[in-house]
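Remember, it's 1-based here, ligands and their atoms both numbered in the order they're listed. Heavy atoms only: backbone and side chains are in, while hydrogens, waters and symmetry mates are out.
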Amino acid sequence: MYEEEDIVPGLLELIESEFDERTYNSEKLKNALKLLKNKQANYKTANEFAIEIGEILSDVLNVHVTSEVLPGGKMHFNIADRVMNVTLKKNHELIASFAKDVQTELNHQAGLKLKGQKAPLNQDRIDGLVDKLSNADSFEDVKWLLDEPIINFSQSIIDSTVKENVEFHAKAGLKPKINRVARFECCEWCQRLQGIYDYKNAPDDVYKRHRRCRCNVEYDPQKGKVQDVWSKQWIDPMAETKKILRQSLNSKK
Ligand SMILES: [Zn+2]
């Protein structure tokens, strides 16, 4: 055994400064933030935001994490663990916060005074990536894990935000509907899965995302007409009575 220099602090500094610069200058991210500010952002915006963040992180990792810089051309556990946890937690924080703000805005537009719920961090997925990266004898065999799986991880934060908010609204007595939209003629499986589902009847697969899937999972409280349920219960408790009165008046004509 010989002492090796710890490459992680220097590596992380390079990765983080380049990531910050690229995200700061991204037109796609600027546009998404502008839409949010103008109250025009929706889950399509959030999904695009996630893909862009994921692509930038994937690019930056690919530039700096290479066989040449890794001792023995292997991504040892103590390197993979720190690099992936730091970068993916930041990735999660950025995307989950944006998606939460989008949901808050959608809630307000639907007349709901509810804050958006934030997606929890999927630590299992990070751990899984760290294991796969560090179990391989050669980094070359597993470097693909820094491509599509990073983007997939990023998009799944949006899917998870939908799930959190749909469940939260269902508990609040609303009747949320999940909308799955197949994009770019993704694949047969996704084409079959697309559609609008009642929260209660939605298939488990509605939140699932295979490799390279760019489909959208969306939740807009307006689409579930929750405002009707809401207004009957909270804003206009007399609506039902008025309707019955109107009907009986009409029948007397
Ligand atoms: Zn798909």
If you measure from the Lys or Arg side-chain nitrogens to the Asp or Glu carboxylate oxygens, is any gap between K30 and E27 under 4.0 Å?
->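 Answer for the salt bridge query: yes.
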Does a side chain donor of either S154 or N91 reach within less than 3.5 Å of an acceptor in the other side chain?
->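 Yes, N91 and S154 have a side-chain donor paired with an acceptor closer than 3.5 Å.
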Can you give me the SG-the Zn ion (ligand 1)-SG angle for C213 and C190, to 10°?
->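 SG of C213 and SG of C190 make an angle of 110° at the Zn ion (ligand 1), to the nearest 10°.
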Donor-acceptor under 3.5 Å (D6 side chain, V8 main chain) |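 Pair found, side chain donor or acceptor close to backbone of V8.
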Flag, side chain of H76 to backbone of L70, donor-acceptor distance under 3.5 Å =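 It does not hold such a pair.
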Using 2.8 Å as a strict upper limit, say whether an N, O or S atom of H210 approaches the Zn ion (ligand 1) that closely.
->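 No, H210 does not qualify, because none of its backbone or side-chain N, O or S atoms lies under 2.8 Å.
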Could you tell me whether any N, O or S atom belonging to C187 is less than 2.8 Å from the Zn ion (ligand 1)?
->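 Looking at C187, which is the residue asked about, there is no N, O or S atom under 2.8 Å from the Zn ion (ligand 1).
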